[in-house]
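Notes follow the structure.
Every heavy atom of this structure was used, including side-chain atoms; hydrogens, water molecules and symmetry mates were not.
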Amino acid sequence: MQIIETILALALTLGILVTLHEYGHFWVARRCGVKVLRFSVGFGKPLFSWYDRHGTEFAVAAIPLGGYVKMLDAREGPVPEELEDQAFTSKPPSKRIAIAAAGPVANFMFALFAYWLLGIVGVTAVAPIVGDVAPDTVAERMGLREGMELHAVDGHRVTSWRDVNMRLLERAGERGEIAIEVSDSGARGTITGELGGWRLSNESPNPLGQFGITPWRPDVPPVLGQISDGGRAEQAGLRPGDQVLAVDGEPIGNWFELVDLIRSSPQQTLALTIEREGAERTIEVTPEAKVAEEGETIGFLGAGVQPVTWPDEVLRDVSYGPLAAIPNAVSETWADTRLTLVAIKKMVTGLLSPTNLSGPITIARVAEASVSSGFEDFVRFLAYLSISLGVLNLLPIPVLDGGHIVYYTIEAIRGKPLSEEAQALGLRIGMTLILTLMVFALYNDLMRL
């Protein structure tokens, strides 16, 4: 069932973003007088299709990993004389550049709309308050302490741990100083520290944790919430609302102690002392063995925690009016764009491991998780993925939109197109590079399973 939900989440996510991207190409092509033959969401044989009054076929294909807009093009076959002026190849370089750029522009426009919508709807975020600081880390060396609230990183306002993570990710692998504005017991100021070239883990990137910060969280009692169907917890007879008092006679103080113990006990029978409806009883359970992303084998019970209520003083309501939400949307979109560009640069220069590159499996898992988390998380995920798609498509690599823009720009400057041999060579290089990246991303996905 979970596999089906993940596949559906991937199809929904890519369906939205691909449709937007290709619609950008389609919309501008129509306005430039180019005849569009097919608008396809997905690759392969169409599952169903229909035609509009202009003769354009709209199709939904079987493989939901992309899409395309097929235009009348003299490079792909003879063009009827009466349609020559509607061929893509008959248009000047300026119009072809506009058509090629329209897809990525549509992705950026969607992100702007998504962040504008979140701004006017309003979101509730947990304030970035430090819970613990790990020894011998950048956070400890610069003087961060438990209870401090973070307000800005390098001059950029932060209102949630997501904002902090994004800012720290930009500085991964760097040297020099980082400045963090904090408040502590009513006093507010800025502390600075040397980064020292700190790096993210290749196996499990966690900017906050590897910087040395554990977010503050309220005490979470070891009370079971959701019980997974068919899991070891259900098989043992555990129920939602059960409070775990002890494991093998050792008292359990909070949920995280219980999680640590379960994770360290794969396939080991544990005696759980629980309280249910005011009475104590003992239930034996054997955690299932699962392989985590880091490759270690951990215990898995199939039980979630009963939700806890966050104190009002650590919650921040962030909302804007329709006009005030516009600059905020621009700022959010630029921050995500810059982060994507910085990540690409750091992968190329070796400051960020290529193992962080993700493919369709990871995207599917994150999509499923964001859909389950609610509207805000899903919209944020769509916005960031849309920006990443826009940035990647603008890279000057043949076969991508950016590569086509380079070709058409050279043609506009020279007054004639590059030779067919040069374009064919660029196409082969581009295809090889893209296929290599796709295989590597898929390999990373499989290693994370």
Side-chain angles (χ1 to χ4, degrees), residues 14-110 386 389-390 392-428 430-431 434:
L14 293 184
I16 292 172
L17 298 183
V18 167
T19 301
L20 286 166
H21 180 92
E22 297 304 330
Y23 185 78
H25 292 308
F26 168 80
W27 190 86
V28 174
R30 277 271 179 92
R31 274 137 193 85
C32 288
V34 175
K35 183 174 179 58
V36 179
L37 303 178
R38 173 183 284 182
F39 183 126
S40 178
V41 177
F43 296 116
K45 185 177 180 181
L47 298 175
F48 56 91
S49 63
W50 67 97
Y51 290 84
D52 69 359
R53 61 188 179 86
H54 299 286
T56 300
E57 179 188 11
F58 293 85
V60 176
I63 305 174
L65 296 178
Y68 61 92
V69 170
K70 181 178 176 62
M71 292 170 268
L72 187 65
D73 194 317
R75 295 169 299 183
E76 298 180 4
V79 174
E81 186 175 345
E82 66 274 14
L83 296 178
E84 283 183 356
D85 63 330
Q86 298 182 49
F88 177 79
T89 41
S90 71
K91 302 300 178 182
S94 59
K95 289 189 175 182
R96 281 179 276 151
I97 289 172
I99 294 170
V105 168
N107 289 124
F108 292 118
M109 291 180 65
F110 169 77
S386 186
L389 183 63
L392 292 175
N393 267 281
L394 285 175
L395 294 178
I397 299 174
V399 312
L400 297 181
D401 295 326
H404 294 307
I405 291 172
V406 170
Y407 280 162
Y408 305 146
T409 301
I410 293 173
E411 180 180 344
I413 295 171
R414 297 175 73 228
K416 60 179 181 179
L418 288 173
S419 67
E420 292 187 4
E421 292 78 8
Q423 293 190 46
L425 176 61
L427 180 64
R428 287 195 294 270
M431 286 293 294
I434 295 300

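- Between His54 and Lys35 the shortest heavy-atom distance is O-NZ, 2.9 Å.
- The 12-atom threshold is not exceeded at CD of Glu81, counting heavy atoms of other residues, nucleotides or ligands nearer than 6.0 Å.
- Across all their heavy atoms, Ile405 and Thr409 have their closest contact at O-OG1, 2.7 Å.
- A distance-only check finds a donor-acceptor pair linking the side chain of Ser386 to the backbone of Asn107 [under 3.5 Å].
- In this structure, CG in Asp73 is found 4.5 Å from OG1 in Thr89, a value given to the nearest 0.5 Å.
- A pairwise comparison of heavy atoms in Ala102 and Gly24 identifies CB-O, 3.1 Å as the closest pair.
- Contact annotation: the side chain of Leu72 approaches that of Val79 to within less than 4.5 Å [non-hydrogen atoms, C-beta and beyond].
- Here the side chains of Pro417 and Gln423 are in contact, with some heavy-atom distance below 4.5 Å.
- In this structure, Phe88 and Arg75 have side chains that are in contact, with non-hydrogen atoms separated by less than 4.5 Å.
- Classified by interplanar angle (parallel below 30°, tilted 30° to 60°, perpendicular above 60°), the ring pair His21/His25 is perpendicular.
- Asp52 is not listed as a side-chain neighbour of Phe39, based on a closest heavy-atom distance of 4.5 Å or more.
- We find the CZ-SG distance between Arg96 and Cys32 to be 11.0 Å, quoted to the nearest 0.5 Å.
- The closest donor-acceptor contact from the side chain of Lys91 to the backbone of Asp85 lies under 3.5 Å.
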From CA spacing to verdict: side-chain contact (heavy atoms from CB on, under 4.5 Å), Phe26, Phe58
CA-CA 11 Å; Phe26 168 80; Phe58 293 85; 3.8 Å; yes
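- Applying the 6.0 Å contact sphere to OH of Tyr51 captures no more than 12 heavy atoms from other residues, nucleotides or ligands.
- Counting heavy atoms from C-beta outward, Arg30 and Thr56 have side chains that approach closer than 4.5 Å.
- The distance from atom OG of Ser94 to atom CD of Glu411, rounded to the nearest 0.5 Å, is 10.0 Å.
- Going from atom CD1 of Ile99 over to atom NE2 of His404 covers 12.0 Å, rounded to the nearest 0.5 Å.
- The side-chain hydrogen bond (donor to acceptor under 3.5 Å, both in side chains) check on Glu76 picks up Lys70, with sequence neighbours excluded.
- For the residue pair Pro398 and Tyr407, the shortest heavy atom distance occurs at CG-OH, 3.7 Å.
- Side-chain contact check for Ser90 versus Glu84: every heavy-atom pair is 4.5 Å or farther apart.
- Scanning both residues, Gly67 and Glu22, for their nearest heavy atoms gives O-OE2, 3.3 Å.
- Closest approach of Pro104 to Asp401, counting heavy atoms only: CD-OD2, 3.4 Å.
- Of the inter-residue distances, the one linking Ile413 atom CD1 with Tyr408 atom OH reads 15.0 Å to the nearest 0.5 angstrom.
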